[in-house]
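Worksheet: one structure, shown below.
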Amino acid sequence: MAEPLTADGIAAEIIDRTGGDIRLALPLGLGKPVTLVNALTRAVSNRPDTRLSILTALTLERPDMSEDMARRFLEPAADRLFGRYPQLDYATLMRDGTLPQNIEVSEFFLLAGRWIGVPTMQRRYIASNYTHAYDVLAAWKPNVLMQLLAPVGEDFSLSCNTDISSDLLRARREGRHEFIVVGETNTNLPAMSGPEAILPKGEVDLCLDAGPDFELFSVVKRPVGQAEHAIGLHVASTVRDGGTLQIGIGAIGDAVANALLLRQSGNFRKIHAANPFVHEGYDEDGAFDTGLYAVTEMLVDGLLHLFENGVIRREVDGAAIHAGFFVDCRDFYDRLRYLPASQRDKIRMMPVSFTNQLYGDEPAKRAARTNARFVNAAMKVTLLGGAVSDITSSAQEVSGIGGQFNFIEQAFALDGARSILTLPATRTSKGKTVSNIVWGHPHESVPRAYRDIIVTEYGIADLRGQRDEDAVARMLAITDSRFQDDLLNRAKSAGKIGREYQLPDSARHNTPDTLREWLHPFDLPDFPFGTDFDAIERRLLPVLSQLSDAQGDTLALVKLILGGMTVEKPDELLARLGLNKPKGLKDRAMAYALTGATLRAS
């Protein structure tokens, strides 16, 4: 019997079979076979006569813990929060500036915010809609495809990443591409079935069959605040029973899913009836008698909860959910893995050429995707309806456009469909609160010709087909009132709205206080779908948020420090951060600031 292949042995074999010029296609996110990728990176690093070019997206990493407070909070809980997921060596080398000259990495979607200020990655980022990423990859002519696989009997499951891999493998079967298929098995991966997800063993050329079964990367759930809950409630009022749904990951996605569950339980109507903000005529508030069908590039925890609770149950070709990839929290993986097979089979993993576009069997897709609501997040939106979702004004790529534009385009192509872009009306940084509704931005991710429905905590702005002056008025009506006058003056100066226009009184109370008055009586949960943060960490989160908002603002920090000098210290919280016995002036000041932030957060 032949000796089982080792990771280093497979790396050597790849170099031998490719002649040392390796063009490696790696799935985005969770599907990266980390053990093999690191072995290949090491092997090429030690062989200057070889070359490794990697094309991928969404390299998963733990957040930056170099800042003192982040280290104190996250480091002791890192394995629990993020899983004991191994670091990808090429990411560390790129960040350190030590990636060898014979290795290069390009990505078409970045882990949000992690590569800002890293010139190599910023230069090598590829701007591509997710649907077109396959074409980018195919033109690049990979000679190796590596993927993490879930064992299924004698065969394998592509599991979390059918998104591009299934189309690439189909092209290989049809003789349109030639490359080596290399796999690493991991029994922690949920084994998804369906024709697009199953990979016959005979199609895998090299396999690390007894891989280390490392823990999967766990995405930490962020608290759902009142702004996010309000956005979720607004969005839920647009969703029709019997329709189609797509939502994304994060606090707003969780808020939307939670609001839809409130509709199913009958607890939504009272909250919606008390809504003091702009409805724009959207008043869907009943339970889901027919149920929804989900077609989404990303299968997220919120969609799984909706499926488990019977909100998503309308089937298309035997499936209630069609999705292209997934990466989420450990509870999500566990629930997906242990779903009864009959239920798990109703979640069908597909390529994004199916989920993200109408091309190919278009009549069937049109018939299935009735009354679709495609819900995605933006960073900023201009007063004229252009959206900024992935890039800063200084051209630093934050994440990527992904499939957002693909779903917006579908919303315009399908009867009864709408694109819904969501964002909090403001953000606070370095002690300063600024508006996320802006007059203009040098790099729009979605041009204003595709403006549709925009939602902030202050309501719904329906912009589709509206004149510019009406779009401006509707956007102002969902803008935080602290910024309305300045933006209105900008629009008047540009001649985009009449000099005589005045905001109605009903739009003049868009404030955090009004938001609190609406939602406080309903006691909506900070973590609707649970969290890996323990009880003390959950208490610390709003405190650290207050502290973070004050960072960079000397006066705000001084106020927190002074406020913390005269009240009882929160010993449990200080102990968790190692500040209960401060050493030196800096630690003492931080302990006082944290105490002051605790008082303010309460």
Side-chain angles (χ1 to χ4, degrees), residues 1-28 30-57 59-61 84-96 98-107 120 124 137 140-151 154-156 158-159 161 164-165 168-169 171-173 177-189 199-215:
M1 180 181 288
E3 288 289 322
L5 292 169
T6 65
D8 290 332
I10 289 173
E13 183 70 16
I14 290 170
I15 291 172
D16 184 56
R17 293 195 189 191
T18 60
D21 185 6
I22 305 156
R23 297 183 303 281
L24 174 61
L26 279 182
L28 65 73
L30 200 62
K32 292 180 176 61
V34 182
T35 313
L36 287 178
V37 177
N38 285 348
L40 187 59
T41 302
R42 286 194 305 272
V44 172
S45 296
N46 293 326
R47 291 271 305 270
D49 61 317
T50 63
R51 178 174 177 78
L52 171 61
S53 180
I54 299 172
L55 184 54
T56 186
T59 295
L60 299 172
E61 298 179 279
R84 288 188 291 274
Y85 180 80
Q87 176 75 10
L88 280 148
D89 289 345
Y90 70 72
T92 302
L93 294 169
M94 285 185 77
R95 222 173 271 294
D96 293 345
T98 57
L99 190 70
Q101 290 294 313
N102 60 338
I103 300 177
E104 65 175 19
V105 182
S106 297
E107 300 202 19
T120 306
R124 291 178 178 169
L137 186 64
W140 181 67
K141 293 183 170 36
N143 56 12
V144 180
L145 168 66
M146 271 189 184
Q147 183 148 339
L148 200 65
L149 304 170
E154 292 297 313
D155 295 319
F156 304 108
L158 296 173
S159 182
N161 283 95
I164 295 176
S165 295
L168 200 58
L169 289 161
R172 182 188 192 233
R173 291 180 201 117
H177 287 294
E178 185 176 347
F179 51 82
I180 303 166
V181 177
V182 183
E184 174 181 345
T185 61
N186 191 311
T187 59
N188 292 315
L189 270 182
L199 178 62
K201 189 172 186 176
E203 293 191 31
V204 180
D205 300 295
L206 298 166
C207 190
L208 186 62
D209 227 339
D213 266 1
F214 54 79
E215 283 189 15

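If you're wondering where the values come from, they're calculated on a predicted model, not measured in any experiment. Basis for what follows: all heavy atoms, side chains included, without hydrogens, waters or symmetry-related copies.
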Legend entry - Heavy-atom side-chain proximity of Y90 to L52 below 4.5 angstrom: no

Legend entry - Partners meeting salt bridge (charged side-chain N to carboxylate O under 4.0 Å, His left out) with R42 (sequence neighbours left out): D8

Legend entry - Note, P4 side chain near D209 side chain (heavy atom, < 4.5 Å): no

Legend entry - Distance (rounded to the nearest 0.5 Å) between R17 CZ and N143 CG: 12.0 Å

Inset, instruction - Could you tell me the separation between the CD atom of E104 and the CE atom of M94, rounded to the nearest 0.5 Å? - result: 9.5 Å

Legend entry - Gap separating the CD1 atom of I14 from the OG1 atom of T50, nearest 0.5 angstrom: 11.5 Å

Inset, instruction - Return the minimal non-hydrogen interatomic distance between R51 and Q101, and the atom names on each side. - result: NH1-O, 4.1 Å

Inset, instruction - Determine whether W140 and S53 make a side-chain contact, defined as any pair of heavy atoms from C-beta on separated by less than 4.5 Å. - result: yes

Legend entry - Residues forming a side-chain hydrogen bond (donor to acceptor under 3.5 Å, both in side chains) with T18, sequence neighbours excluded: none

Legend entry - Side-chain donor/acceptor of E61 to backbone N/O of A91, under 3.5 Å: no

Legend entry - Side chain to side chain, L169 and L145, heavy atoms closer than 4.5 Å: yes

Legend entry - Under 3.5 Å donor-acceptor, N161 side chain and P27 backbone: no

Legend entry - Distance-minimising heavy-atom pair for P48 and N102: CA-ND2, 3.9 Å

Legend entry - Sub-4.5 Å side-chain heavy-atom contact between C207 and T185: yes

Inset, instruction - Give, for atom CG of L199 and atom OG of S165, the distance between the pair rounded to the nearest 0.5 Å. - result: 9.0 Å

Inset, instruction - Output yes when a side-chain donor or acceptor of D155 lies under 3.5 Å from a complementary backbone atom of K201, and no otherwise. - result: yes

Legend entry - CD1-CG distance between I54 and L24, expressed to the nearest 0.5 angstrom: 5.5 Å

Legend entry - Non-neighbouring partners of A11 that pass side-chain contact (heavy atoms from CB on, under 4.5 Å), sequence neighbours left out: A39, L40, A43

Inset, instruction - Return the set of residues passing salt bridge (charged side-chain N to carboxylate O under 4.0 Å, His left out) with D49 (not counting sequence neighbours), or none when no residue passes. - result: R47

Inset, instruction - For residues Q87 and N38, report the shortest heavy-atom separation together with the two atoms involved. - result: O-ND2, 3.0 Å

Legend entry - OG1 on T41 to CG on L99, rounded to 0.5 Å: 8.0 Å

Inset, instruction - Name all residues meeting the side-chain contact (heavy atoms from CB on, under 4.5 Å) criterion together with N188; count only those two or more places apart in sequence or in a different chain, and write none if there are none. - result: N186, D213, L216, R337

Legend entry - L36 to A7 - nearest heavy-atom pair and separation: CD2-CA, 3.8 Å

Inset, instruction - List the atom of R84, the atom of F214, and the distance in Å for their closest heavy-atom pair. - result: O-CB, 4.4 Å

Inset, instruction - Say whether, by atom type as modelled, one donor and one acceptor occur between the side chain of D89 and the main chain of V37 under 3.5 angstrom. - result: no

Legend entry - Within-4.5 Å side-chain heavy-atom neighbours: L158 and L149: yes

Legend entry - Residues forming a side-chain contact (heavy atoms from CB on, under 4.5 Å) with L5, sequence neighbours excluded: I10, L206

Inset, instruction - For residues L60 and K32, determine if any side-chain heavy atom of one lies less than 4.5 Å from a side-chain heavy atom of the other. - result: no

Legend entry - Check: E107/T56 side-chain N/O donor and acceptor closer than 3.5 Å: no

